[in-house]
Amino acid sequence: MNERLYIFDTTLRDGEQVPGCQLNTIEKIQVAKQLEQLGVDVIEAGFPISSPGDYNSVIEISKAVTWPTICALTRAVEKDIDVAAESLQYAKHKRIHTGIGTSDSHIRFKFNSNREEIIERAVRAVKRAKRYVEDVEFYAEDAGRTDNEYLARVIEAVIKAGATVVNIPDTTGYCLPNEYGAKIKYLMEHVDSIDKAIISTHCHNDLGMATANTLEGVLNGARQVEVTINGIGERAGNTSLEEIAMILKCHKHLGIDSNINTTKISPVSRLVSSLMNMPVQANKAIVGRNAFAHSSGIHQDGVLKNVETYEIINPKDVGVEDNNIILTARSGRAALKYRLQANGVACSEENLDVIYQRFLELADKKKEVTDADILMLAGTNVSDDKALRLDFLQVTTGKGVRSVASIGLDISGQKFESASSGNGPVDAAINALKNIIHKHMTLKEFTIQAINKGSDDVGKVHMQVEYDGHVYYGFGANTDIVTASVEAYIDCINKFKK
C-alpha cells in the first residue's frame, strides 16, 4: 500500500506576500473553495495578527470550506497565538502554525538571543497553541542553514511540548537537494520522538531548487509538503503544488500518493493567475501555455507518430483540453457562465451581467475570445462603486508629431475633461489625467503583457504608482494598450489610502 503525502497549500498566505498579488476576502474564499475541490489537505488561510483583513479572511474561509484543515500562522508570541485561535473559531478542522528562527544568523541578528532561550520560546509557543487546538505545527525558520544537531534538539523539545507537525523550511532557498534530504534524514534518525509528529517541507526557489529539495525531503521521510499554486511566493517563489503532484503521479514506483485531483490543476492555476494578476511564464512546468506545445519539426514529427515520444503527461490529466474553446459575440450568458465555471470561476448573477457586457465589447473587437480572455475579464474589478472611472479617451500620435490625448473622467458622479501632450501616447494620456487629479504621483513600474498572440489581442498592463510614501499596484486590460495603461493607472488611484 502506498504511503500518504499531505498537501499543505499556502497560496493564500505565503503566496499572497508577492507585491501586487493581494486578494480581498471574497477572492480568497473563491480560491479556497477551488483548493478544496483540488484535494488539498491543509489551507493556510492567513496571518491573523498581521491585519484585520487577514483575520477576517481566516474566519470567512473557515466558514466556507468543509473538510480541509484551516491553518493560521503566528510568531512565537502569545498575542499572535491568541488572535489566531480566535480567528479559527468556525473551522471544522483547525491548526495553529507557530515558530521561530533557529539558525545562528536569526538567533544573533534577528532576536539578539542565544540557542537555549530560543528553545524555551519555541516550547512556550507550542504549549500556548496547544491550549486552543490539538493540531499544532511548529516551524523552525531558516532550518536550511541551522546546524543539524541543534535543529534536532529544537524539534525534539517542541514535539515533547505537543507539536503534531514539524516544519523544516529552507527559508532562503539556499540548500542543495542532497543537503536538504540529508537534513530530513538526520532528524528521522536522531529525534527520539519523531514518530509522534509529521515532518513537513517548506522550500523557497531562490536558486531554482525548491521542487528538487521538496522531493528529496519526501524521499527521506517528510510526509507533508508546503506548496503554492503556480509556485507563487515572495522573491523567486515557493515549491509548486502542481509539480509535486505530477511528479508523484508520473513516478508511481516511489510508492507515495497525495489526495490531489490532478484534473483540477489547470483551472485552479488559471484562477490564481487571473485573480492575483500574476502571469504564468510560458515555459512553466505543468501549467505554462507551452507545457504541451511543440514547435520543433523533429518533436512535431515524433508526437504525430506517437504522443509518448515527447509527452510524459496526458494534458487531460492536468485539466487541459485538446482544443481551445472559442467564444464569439453570438455566445450567450449560459455559455460564458459554463466556461467561467470550467475554469474555476464562480460569480453571482450580478457580476456575470457585468462580465458579459465586457465580454460582448471584447468580442466585437476580436475575432476569437479564448478562455484566457474571459479569465482576464473575470479577474478585473467588476464592482461599480469605484470613485474614479474612465469615461472616454482619445489620442493622436504618430512619427514626427507630438502625441496629444483628451480624457474624460467620472469622479463620484461628477464629469471632468482635460487634454495634454506627452512623450508618446501613454505619457500624454497620463499627463491629461494628472491635470484633473492634482496629486504628486510617481510611476514606478509599467509592464505590458499580451495574453495570446495577434494584432487584435488583449493587452494586460500592470503598474506601480507611488503616492504619499506608499506604492500601489494597478491592473488594466483592453485591446487598446493606451486605454489599458490609463485604466491600470486609475486602478492604482482608486486604491490610494484616504
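We count residues from 1, following the sequence as given.
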Inset, instruction - Apply side chain to side chain contact (heavy atoms under 4.5 Å, CB included) to the pair T10 and R13, showing each step before the final yes or no. - result: CA-CA 5 Å; T10 185; R13 200 279 301 172; 3.6 Å; yes
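- Geometric assessment of K495 against the ring of Y472 yields a negative cation-pi assignment under the 6.0 Å and 45° thresholds.
- By the 4.5 Å heavy-atom criterion applied to side chains, L254 and L219 are counted as neighbours.
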Legend entry - Candidate pair N2 and I256, rule side chain to side chain contact (heavy atoms under 4.5 Å, CB included), full reasoning: CA-CA 5 Å; N2 287 352; I256 301 172; over 6 Å; no
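- Checked by atom type, the side-chain pair E226/N167 shows a donor-acceptor distance below 3.5 Å.
- No side-chain N or O of T171 forms a donor-acceptor pair with one of D142 less than 3.5 Å apart.
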Inset, instruction - Just do the salt bridge (Lys or Arg N to Asp or Glu O under 4.0 Å) check on K110 and E141 with the steps written out, would you? - result: CA-CA 11 Å; K110 185 175 180 180; E141 188 177 7; 3.0 Å; yes
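- Between T239 and T211, the side chains place no donor N or O within less than 3.5 Å of an acceptor N or O (distance only, hydrogens not considered).
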Legend entry - Residues L12, L23; criterion side chain to side chain contact (heavy atoms under 4.5 Å, CB included); working and verdict: CA-CA 8 Å; L12 297 177; L23 303 178; 4.0 Å; yes
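- For the side-chain contact (heavy atoms from CB on, under 4.5 Å) with I199, the qualifying choice from V218, N220, I194, I155 is I194, the only one to do so.
- Using a 4.0 Å cut-off between charged nitrogen and carboxylate oxygen, E216 and K183 do not count as a salt-bridge pair.
- Across H97, H106, H202, a single residue satisfies ring pair (Phe, Tyr, Trp, His ring centres under 6.0 Å) together with Y139, and that is H97.
- When the shell of 6.0 Å around NZ of K92 is examined, it contains more than 12 heavy atoms from other residues, nucleotides or ligands.
- A distance of 12.5 Å separates CG in N261 from CD in E36, rounded to the nearest 0.5 Å.
- A pairwise comparison of heavy atoms in C203 and N213 identifies SG-CB, 3.7 Å as the closest pair.
- To the nearest 0.5 Å, atoms CG (D192) and CD1 (I159) are separated by 10.0 Å.
- Partners of K249 under the salt bridge (charged side-chain N to carboxylate O under 4.0 Å, His left out) rule, at least two apart in sequence or in another chain, do not exist in this structure.
- Here N238 pairs with D14, H204 under the side-chain hydrogen bond (donor to acceptor under 3.5 Å, both in side chains) rule; sequence neighbours left out.
- The neighbour count for Y90 OH, taken as heavy atoms of other residues, nucleotides or ligands under 6.0 Å away, does not exceed 12.
- With respect to V280, the side-chain contact (heavy atoms from CB on, under 4.5 Å) criterion is satisfied by exactly one of N230, I229, I286, I232: N230.
- Surrounding NZ of K63 are more than 12 heavy atoms belonging to other residues, nucleotides or ligands, all under 6.0 Å away.
- The pair E60-K28 does not meet the salt-bridge criterion, since no charged nitrogen lies less than 4.0 angstrom from a carboxylate oxygen.
- Listed here is the closest heavy atom pair of G233 and V18: O-CG2, 3.1 Å.
- Contact of the Y150 side chain with the T102 side chain is registered, since non-hydrogen atoms from C-beta on lie closer than 4.5 Å.
- Counting heavy-atom neighbours within 6.0 Å of R108 CZ, excluding the residue itself, gives a total of 12 or less.
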Inset, instruction - Go through the steps to decide whether I70 and R95 satisfy the test side chain to side chain contact (heavy atoms under 4.5 Å, CB included), and finish with yes or no. - result: CA-CA 6 Å; I70 303 302; R95 176 184 296 181; over 6 Å; no
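- Checked by atom type and distance alone, the side chain of S269 never pairs as donor or acceptor with a backbone atom of I265 at under 3.5 Å.
- Counting heavy atoms from C-beta outward, F8 and I43 have side chains that stay 4.5 Å or more apart.
- You'll find the side chain of L73 stays beyond 4.5 Å of the side chain of I49, heavy atoms only.
- For CG of D195, the number of neighbouring non-hydrogen atoms (other residues, nucleotides, ligands) closer than 6.0 Å is greater than 12.
- The neighbour count for K130 NZ, taken as heavy atoms of other residues, nucleotides or ligands under 6.0 Å away, is above 12.
- Across all non-hydrogen atoms, the minimal contact from A76 to R121 is CB-O, 4.2 Å.
- H190 and E156 make their closest contact through O-OE1, 3.9 Å (heavy atoms, listed as atom of the first residue, atom of the second, distance).
- Between the side chains of Y55 and E86, at least one donor N or O lies within less than 3.5 Å of an accepting N or O.
- Within the 4.5 Å cutoff, the side chain of D257 has no heavy atoms near those of the R4 side chain.
- Side-chain N/O atoms of S103 and T146 include no donor and acceptor closer than 3.5 Å.
- For the residue pair D82 / Y132, a side-chain donor-acceptor distance below 3.5 Å is found, with atom types taken as modelled.
- Side chains of R235 and N205 form no contact here, defined as non-hydrogen atoms less than 4.5 Å apart.
- The shortest side-chain heavy-atom distance between V166 and S200 does not fall under the 4.5 Å cut-off.
- Between the side chain of T98 and the main chain of A125, no donor-acceptor pair closer than 3.5 Å is present.
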Legend entry - Derivation and outcome, salt bridge (Lys or Arg N to Asp or Glu O under 4.0 Å), residues K337 and E349: CA-CA 9 Å; K337 184 176 182 179; E349 289 300 319; 3.0 Å; yes
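- Cation-pi contact between R223 and Y6: absent, since separation from the ring centre below 6.0 Å together with deviation from the ring axis within 45° is not met.
- Residues passing the ring pair (Phe, Tyr, Trp, His ring centres under 6.0 Å) test with Y356, sequence neighbours excluded: F359.
- Put simply, the side chain of I168 reaches to within 4.5 Å of the side chain of L187, judged on heavy atoms.
- For the residue pair N114 and E116, no side-chain donor N or O sits within less than 3.5 Å of a side-chain acceptor on the partner.
- Expressed to the nearest 0.5 Å, how far CG of D41 lies from OG of S258 amounts to 8.0 Å.
- Here E27 contributes atom CD and S57 contributes atom OG; the two are 10.0 Å apart, rounded to the nearest 0.5 Å.
- Under a cut-off of 6.0 angstrom, the local environment of CD1 in I26 is sparse, with at most 12 non-hydrogen atoms contributed by other residues, nucleotides or ligands.
- No side-chain donor from either of H462 and E445 sits under 3.5 Å from a side-chain acceptor of the other.
- Side chains of D317 and T262: no donor on one and acceptor on the other come within 3.5 Å.
- Atoms CD and OG, from Q89 and S62 in turn, are 8.5 Å apart once rounded to the nearest 0.5 Å.
- Remark: Y174 OH is loosely packed, at most 12 non-hydrogen atoms of other residues, nucleotides or ligands lying under 6.0 Å away.
- The two residues V58 and P48 have their closest heavy-atom pair at CG2-CG, 4.0 Å.
- The pair K284-E242 counts as a salt bridge, with a side-chain nitrogen and a carboxylate oxygen less than 4.0 angstrom apart.
- Summarising the geometry, atom OG1 belonging to T25 is positioned 12.5 Å from atom CD belonging to Q30; distances are rounded to the nearest 0.5 Å.
- Closest non-hydrogen pair, A122 versus F138, comes out as CB-CE1, 3.5 Å.
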